[in-house]
Amino acid sequence: MSDDYESALEEKPLEFMMSIANSGGSCDGQGIIPDGDHYACWCTCGEWNIEAPDQHEGLRLARIHTGSIPE
């Protein structure tokens, strides 16, 4: 592997968040974050912001939102 290889998985959290914040409305990143008795779910596209009862459901809904699994 060359020294100039870059991967989003190797970025620091702040670098990753800055890169998806500047994504220009595309679905480059989704967040599923604990928020009291539910999970706050959002997407960098700015058009998807919901609450889910648990992390598993939040991830399932994120996959539906991005089209990686059918509804």
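Positions are given from 1, in the same order as the sequence printed here.
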Inset, instruction - Quick one: pull up SG in Cys45 and CG in Asp28 and give me the separation to the nearest 0.5 Å. - result: 10.0 Å
Inset, instruction - Calculate, to the nearest 0.5 Å, the distance between atoms OH and CG belonging to Tyr39 and Leu59 respectively. - result: 9.5 Å
Legend entry - Any donor-acceptor pair under 3.5 Å from Ser26 side chain to Thr44 backbone: no
Inset, instruction - Locate the shortest heavy-atom distance separating Arg60 from Ile69; write the atom from each residue and the value. - result: O-CD1, 3.9 Å
Legend entry - Heavy-atom pair of closest approach, residues Cys27 and Thr66: CB-CG2, 4.2 Å
Legend entry - Contact summary for Ala62 and Ile32, nearest pair of heavy atoms: CB-CD1, 4.2 Å
N/O donor-acceptor pairs under 3.5 Å from side chains in residues 48-55, not counting sequence neighbours:
{"unit_1": "Glu51", "atom_1": "OE2", "unit_2": "His38", "atom_2": "NE2", "d": "3.4"}
{"unit_1": "Asp54", "atom_1": "OD1", "unit_2": "His56", "atom_2": "N", "d": "3.3"}
{"unit_1": "Asp54", "atom_1": "OD1", "unit_2": "Glu57", "atom_2": "N", "d": "2.7"}

Legend entry - Atom pair CZ/OG of Arg63 and Ser68 - distance to nearest 0.5 Å: 6.5 Å
Legend entry - Cys41 and His65, any side-chain heavy atoms less than 4.5 Å apart: no
